[in-house]
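Structure first, commentary second.
Order of the sequence lines fixes the chain letters, A, B, ..., with proteins taken first and strands second; residue numbering starts at 1 for each chain.
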There are 2 protein chains.
Amino acid sequence: MIRVFIIDDHPMVIEGIKSLLTQSSVAEICGSAQTGSTALEALKSMEAEIALVDINLPDLSGIELCGMLKKQFPKIKVLGLSTFKERSYITRMIGAGASGYLLKNATREELEDAITAAWRGQLYMSLEAAAILTKPAPDTPDLPLLTAREKEILLLIAEGMTNQEIAEKLFISPLTVDSHRKNLLAKFGVKNTAAMVRFAIEFKLIEY
Amino acid sequence: MIRVFIIDDHPMVIEGIKSLLTQSSVAEICGSAQTGSTALEALKSMEAEIALVDINLPDLSGIELCGMLKKQFPKIKVLGLSTFKERSYITRMIGAGASGYLLKNATREELEDAITAAWRGQLYMSLEAAAILTKPAPDTPDLPLLTAREKEILLLIAEGMTNQEIAEKLFISPLTVDSHRKNLLAKFGVKNTAAMVRFAIEFKLIEY
DNA sequence: ATTTTTCTACCTGAAAAAGGGGATTTTGCA
DNA sequence: TGCAAAATCCCCTTTTTCAGGTAGAAAAAT
């Protein structure tokens, strides 16, 4: 029997999962907690194999908690659990090391499949969550078209180079760099470099 | 038979996949390309169901190409293919809408499993890739510990607010904001705001 | 060939940030 | 209570960026 620990701030969710798994031949509940910190403490004296982690906890986000769980209890596999169908939650949870993601409308069968897959070292994604991930991303707002030179200079700005440094690197005048910088500010509709860098990363115009 | 299009800059990889799938009862190769742009063009006049996309192409990254494929051909499921075992490639590929990720050492069976799962709308992750994702993240470099106030001010800086604006928002002196800003620069080991914002996003100290 | 876009360069001055210090008060914790 | 850390505030100077333009040459598109 795979030992499962539940972390959710809603007691009725905890009870619901317990009820679903009561007659499971696959998994048994070894404990539960309503906050991330309580869970971290409880898991120190408990042999859990799987943690079902709600994305929204009162003290920590599920994403943060997942990272902490993986670090402190590397043997435990984490499954994210949420009502949220947001692709960014899913990808961040996976990025944090989760072995899967379930929506809270999961059937007992899906729960068991997820727990079993995670326990085997597989990545489990419910059909519904997979559909969210694999559908085309929503149309991003029309992004400004940057010239090649603007892109080049944007990268260098984001590395922290001053106009003078960039000018020396590209064999142009610092005044020219300044002109490009102003064009970038105008195209992004922002008023300074901080916002420019953030915009560029947010809209994947540069990588980090 | 599931129609599969291969995109890889190495002809020997394309041939290898073709060879593996020659006697497949599941999939058939309907075409191939060595660059992203060639693939996008070819797929306009081709009924492919699955695209196997190499992460490193000469013209586009596999991640970019995945996004473009999902946008222009929403019906096509994308599977990432790489020698790279880097978690960030995997998560970014999934974030771009891929239905799975395979390493180039995959067996015919794994290839077929991936293609079938993707075709069914599931997310496929090879055992090896899943292991990379679900193992505890490598120890990040020791990140600077920020005080609560520093975090607060970092967020506002990254939104593009000036010291004066932040001071008014927090009911403190602009000089205080400046002090925190200097502390942040020192803690991050960077010399200006552009690099500060980038560092903060890169190391997930702020979100965007 | 013409038009449009991009790149380059410049001007001036104000605003903002960065550098390099310093100090006092407040807060949290043992 | 005492101590360390955090928060707050200050000084002065220099550097850098931003605002708000202008304009010509080169490259690209038509």
List the atom pairs, donor and acceptor, that lie under 3.5 Å between side-chain atoms in residues 6-15 of chain A and the rest of the protein, sequence neighbours left out.
unit_1 : atom_1 : unit_2   : atom_2 : d
A:Asp8 : OD1    : A:His10  : N      : 2.8
A:Asp8 : OD2    : A:Lys104 : NZ     : 2.9

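- A 4.5 Å side-chain heavy-atom check between B:Val78 and B:Met93 finds at least one atom pair inside the cut-off.
- In this structure, A:Ile94 and A:Tyr101 have side chains that are not in contact, with every pair of non-hydrogen atoms separated by 4.5 Å or more.
- The side chain of A:Leu185 lies closest to D:dC18, out of D:dT17, D:dC18, C:dA17.
- In this structure, the CD atom of A:Glu152 is 13 Å from the C1' atom of C:dT6, given to the nearest Å.
- Atom CZ of A:Arg181 is separated from atom P of C:dA16 by 16 Å (rounded to the nearest Å).
- Between the OH atom in A:Tyr124 and the CD atom in B:Gln122 there is a gap of 8.5 Å [rounded to 0.5 Å].
- If you measure from atom CE of A:Met161 to atom C1' of D:dT17, you get 16 Å, rounded to the nearest angstrom.
- For the pair B:Leu145 CG and D:dA7 P, the interatomic distance rounds to 12 Å; values are reported in whole Å.
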Extract all donor-acceptor atom pairs below 3.5 Å that involve side chains of residues 148-159 of chain A and protein atoms in other chains or at least two apart in sequence.
unit_1   : atom_1 : unit_2   : atom_2 : d
A:Arg149 : NH1    : A:Glu152 : OE1    : 2.9
A:Glu150 : OE1    : A:Thr147 : N      : 2.9
A:Glu150 : OE1    : A:Thr147 : OG1    : 3.4
A:Glu150 : OE1    : A:Lys187 : NZ     : 2.7
A:Glu150 : OE2    : A:Lys187 : NZ     : 3.4

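- Under the rule for a ring-ring contact (aromatic ring centres under 6.0 Å, His included), the partners of B:Phe188 that lie at least two apart in sequence or sit in another chain are B:Phe199.
- Per the geometry, CG belonging to B:Leu146 stands 10 Å off P belonging to D:dA6, to the nearest Å.
- The phosphate of D:dT17 (OP1 or OP2) has a side-chain N or O of A:Asn163 nearer than 4.0 angstrom.
- Residue B:Met196 contributes atom CE, which lies 6 Å from atom P of C:dA18 at whole-angstrom precision.
- Using a 4.0 Å cut-off between charged side-chain N and carboxylate O, B:Glu47 and B:Arg3 make no salt bridge.
- Residues satisfying the side chain to side chain contact (heavy atoms under 4.5 Å, CB included) test with A:Pro74, not counting sequence neighbours, are B:Pro136.
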Tabulate protein N/O versus nucleotide N/O from nucleotides 7-14 of chain C, keeping only pairs under 3.5 Å, one per line.
unit_1 : atom_1 : unit_2   : atom_2 : d
C:dC7  : OP1    : A:Arg149 : N      : 3.2
C:dC7  : OP2    : A:Thr147 : OG1    : 2.3
C:dT8  : OP1    : A:Arg149 : NE     : 3.4
C:dT8  : OP1    : A:Arg149 : NH2    : 3.0
C:dT8  : OP2    : A:Arg149 : NE     : 2.9
C:dT8  : OP2    : A:His180 : NE2    : 3.3
C:dA9  : OP2    : A:Ser173 : N      : 2.7
C:dA9  : OP2    : A:Thr176 : OG1    : 2.9
C:dA9  : O5'    : A:Thr176 : OG1    : 3.4
C:dA9  : N7     : A:Ser179 : OG     : 3.4
C:dA9  : N6     : A:Ser179 : OG     : 3.3
C:dC10 : OP2    : A:Ser173 : OG     : 3.0
C:dC10 : N4     : A:Ser179 : OG     : 3.1

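- Side-chain N/O atoms of A:Thr193 include one lying less than 4.0 angstrom from OP1 or OP2 on D:dC18.
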Listing time: all N or O pairs from protein to nucleotides 23-30 of chain C that are below 3.5 Å?
none

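- Straight-line distance from the CG atom of B:Asn192 to the P atom of C:dA15: 22 Å, rounded to whole Å.
- Here the P atom of nucleotide D:dT8 and the CG atom of B:Leu184 are 13 Å apart, to the nearest Å.
- For the side-chain contact (heavy atoms from CB on, under 4.5 Å) with B:Ile50, the lone residue among B:Thr116, B:Ile76, B:Leu79 that qualifies is B:Leu79.
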